[in-house]
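Okay, structure first, notes after.
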Amino acid sequence: MKIIVTKNYEEMSAQAGKLLAEIIKSKPDCVLGLATGGTPVGVYDYLTDLFERGELSFARTSSVNLDEYYPISSSNSQSYRYFMNKKLFDRVDIDKANTFAPNGSAEDVLAECKKYDELIDRMGIDVQLLGIGRNGHIGFNEPEDELHRGTHLTALTPDTISANARFFASVSEVPTHAITMGIGSVFKAKKIILLASGKSKADAIRQVITGGITTSCPASLLCLHPDVTVICDEDAYSLV
């Protein structure tokens, strides 16, 4: 596990953006595993800036998203498909037909999860971008006695619902479930980049870097992957 500590969020975003840009340039038809939430927004801004300056193209790139709320329509402004369109896809030259996310309005959730894992197996993931929750979750793999291997429907913890409430008019509007890649799905990526910013993520990062491997901190399992880079700012690193 490689650790990169930056001064602040902006530097964290730039470091991650440079890594992703290098991967895209070296393999233009790469498959990106993408994350949502507040943490990766700066990375998407950085990549968009490179595109606007003519230094990067996504024309041959594909993507798979980590998760999606359930139930929710892709046209809903709070859906993660909508988020990705607004924060990245609408701003660069990627073919949206080559961008994938779990179907948050699927009638048969089990079939959708199976279909999504088959998609991941077929496409492969060159690099998976991850954020980390205050409780150590990655994607929506919440702390539990047992973690799921494949893509699955999961109930969100009160802590995660509370953390995501800032994106909604009220906490009551936050979906209580989500479709998420499982730990095994995430581990299929050749490379993983984990981002963390702010003191609220400090305990989770401490557990990832210095703690034991436990399902009570799902991100701690990343120690078992052969190619993980943790990029965090000084606040997130402060308890290590």
Side-chain angles (χ1 to χ4, degrees), residues 2 4-69 72-102 104 119-120 123-132 138-139 164 166-168 181 186 189-198 201 227-236:
K2 181 179 181 181
I4 299 174
V5 182
T6 65
K7 184 177 181 180
N8 51 39
Y9 175 82
E10 289 72 25
E11 289 185 10
M12 179 206 72
S13 301
Q15 286 285 342
K18 289 175 184 176
L19 281 179
L20 289 173
E22 289 172 3
I23 291 169
I24 296 168
K25 289 177 181 178
S26 65
K27 187 182 179 184
D29 62 346
C30 67
V31 178
L32 305 176
L34 300 178
T36 52
T39 302
V41 170
V43 179
Y44 299 148
D45 287 342
Y46 183 91
L47 293 173
T48 298
D49 186 56
L50 290 181
F51 166 74
E52 291 176 343
R53 297 206 307 260
E55 299 176 18
L56 187 66
S57 173
F58 295 79
R60 296 170 57 193
T61 302
S62 301
S63 71
V64 290
N65 251 72
L66 189 61
D67 44 32
E68 178 59 279
Y69 285 127
I72 199 167
S73 165
S74 61
S75 62
N76 187 303
S77 62
Q78 296 300 337
S79 75
Y80 284 160
R81 161 56 74 175
Y82 188 96
F83 175 100
M84 290 307 310
N85 288 343
K86 182 177 180 181
K87 299 299 183 182
L88 183 64
F89 300 155
D90 287 342
R91 304 166 70 191
V92 298
D93 61 342
I94 198 167
D95 183 350
K96 285 188 185 178
N98 295 328
T99 64
F100 302 92
L119 173 74
I120 292 169
M123 295 179 63
I125 300 175
D126 291 289
V127 56
Q128 177 66 57
L129 188 65
L130 296 175
I132 185 171
I138 48 177
N164 289 353
R166 67 188 187 278
F167 300 115
F168 294 81
M181 285 188 197
V186 171
K190 297 174 184 176
K191 180 179 182 63
I192 293 174
I193 299 174
L194 177 68
L195 305 179
S197 175
K201 305 297 178 68
D227 190 352
V228 175
T229 299
V230 177
I231 308 177
C232 57
D233 61 20
E234 291 176 353
D235 283 344

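For the single chain, residues carry numbers from 1 onward in sequence order. In what follows, every heavy atom counts, from backbone to side chain, and hydrogens, waters and symmetry copies are set aside.
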Q: Please test V43 against L88 for side chain to side chain contact (heavy atoms under 4.5 Å, CB included), starting from the C-alpha separation and ending with a verdict.
A: CA-CA 10 Å; V43 179; L88 183 64; over 6 Å; no
Q: Apply side chain to side chain contact (heavy atoms under 4.5 Å, CB included) to F51 and I24, showing your working.
A: CA-CA 12 Å; F51 166 74; I24 296 168; over 6 Å; no
Q. Where do I231 and T6 land on the side chain to side chain contact (heavy atoms under 4.5 Å, CB included) test, with the steps shown first?
A. CA-CA 7 Å; I231 308 177; T6 65; 4.2 Å; yes
(Q) Let's go through V127 and K190 carefully: what are the C-alpha distance in whole Å and the side-chain angles of both, what is the deciding distance for side chain to side chain contact (heavy atoms under 4.5 Å, CB included) to 0.1 Å, and is it a yes or a no? (A) CA-CA 6 Å; V127 56; K190 297 174 184 176; over 6 Å; no
Going by atom type alone, with no hydrogens or angles, which donor-acceptor pairs under 3.5 Å involve a side-chain atom of residues 11-19 and a protein atom two or more places apart or on another chain?
{"unit_1": "E11", "atom_1": "OE1", "unit_2": "K7", "atom_2": "N", "d": "3.1"}
{"unit_1": "S13", "atom_1": "OG", "unit_2": "Y9", "atom_2": "O", "d": "3.0"}

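Residues in residues 32-45 take part in these side-chain hydrogen bond (donor to acceptor under 3.5 Å, both in side chains) pairs, two or more places apart or across chains: D45-R91. For residues 19-38, the pairs satisfying salt bridge (charged side-chain N to carboxylate O under 4.0 Å, His left out) are K27-D126, with sequence neighbours left out.
With a 4.5 Å cut-off on side-chain heavy atoms, V230 and K2 do not count as touching. Residues I120 and V31 form no side-chain contact, since every pair of their non-hydrogen atoms from C-beta on lies 4.5 Å or further apart. With a 4.5 Å cut-off on side-chain heavy atoms, K201 and C232 do not count as touching. Residues L194 and L129 fail the side-chain proximity criterion, which asks for heavy atoms closer than 4.5 Å. Contact check for M181 versus D67: no side-chain heavy atoms found under the 4.5 Å cut-off. Taking the side chain as every heavy atom from C-beta outward, N98 and F58 never approach each other to under 4.5 Å. Taking the side chain as every heavy atom from C-beta outward, L56 and Y46 never approach each other to under 4.5 Å. Side-chain contact check for L47 versus L20: some heavy-atom pair is nearer than 4.5 Å.
S74 meets the side-chain contact (heavy atoms from CB on, under 4.5 Å) test with R81; sequence neighbours excluded. Partners of D95 by salt bridge (charged side-chain N to carboxylate O under 4.0 Å, His left out), not counting sequence neighbours: none found. Residues passing the salt bridge (charged side-chain N to carboxylate O under 4.0 Å, His left out) test with K87, sequence neighbours excluded: none. By the side chain to side chain donor-acceptor pair (under 3.5 Å) test, N65 pairs with no residue at all, sequence neighbours left out. Every ring pair (Phe, Tyr, Trp, His ring centres under 6.0 Å) that Y69 has, sequence neighbours left out, goes to Y80, F140, F168. Looking at residues two or more places apart in sequence or on another chain, you find no salt bridge (charged side-chain N to carboxylate O under 4.0 Å, His left out) involving K86. Every residue was checked against the side chain to side chain donor-acceptor pair (under 3.5 Å) condition with S26, not counting sequence neighbours, and none meets it. Residues forming a salt bridge (charged side-chain N to carboxylate O under 4.0 Å, His left out) with D49 (at least two apart in sequence, or on another chain): R53. Applying the side-chain contact (heavy atoms from CB on, under 4.5 Å) test to A189 and every residue at least two apart in sequence or in another chain returns I125, Q128, I192.
Nearest heavy atoms, L50 versus A21: CD1-CB, 3.7 Å. In terms of heavy atoms, P40 sits closest to L195 at CA-CD1, 4.4 Å. Closest approach of S63 to F89, counting heavy atoms only: OG-CZ, 3.4 Å. The two residues A35 and G131 have their closest heavy-atom pair at CB-N, 4.4 Å.
Formation of a donor-acceptor pair under 3.5 Å by the D93 side chain with backbone atoms of S57 is not found in this model. Looking at T61, its side chain does come within 3.5 Å of a backbone N or O of P28 through a donor-acceptor pair.
Taken from CD1 in I23 to SG in C30, the straight-line distance is 7.0 Å, to the nearest 0.5 Å. Note that OG of S62 and CG of L119 are 9.5 Å apart. Values are rounded to the nearest 0.5 Å. Taking CG of L66 as the reference point, atom CD1 of I138 lies at 8.0 Å (rounded to 0.5 Å).
Ion pairing between a basic and an acidic side chain is recognised when a charged N comes within 4.0 Å of a carboxylate O; K96 and D90 show such pairing.
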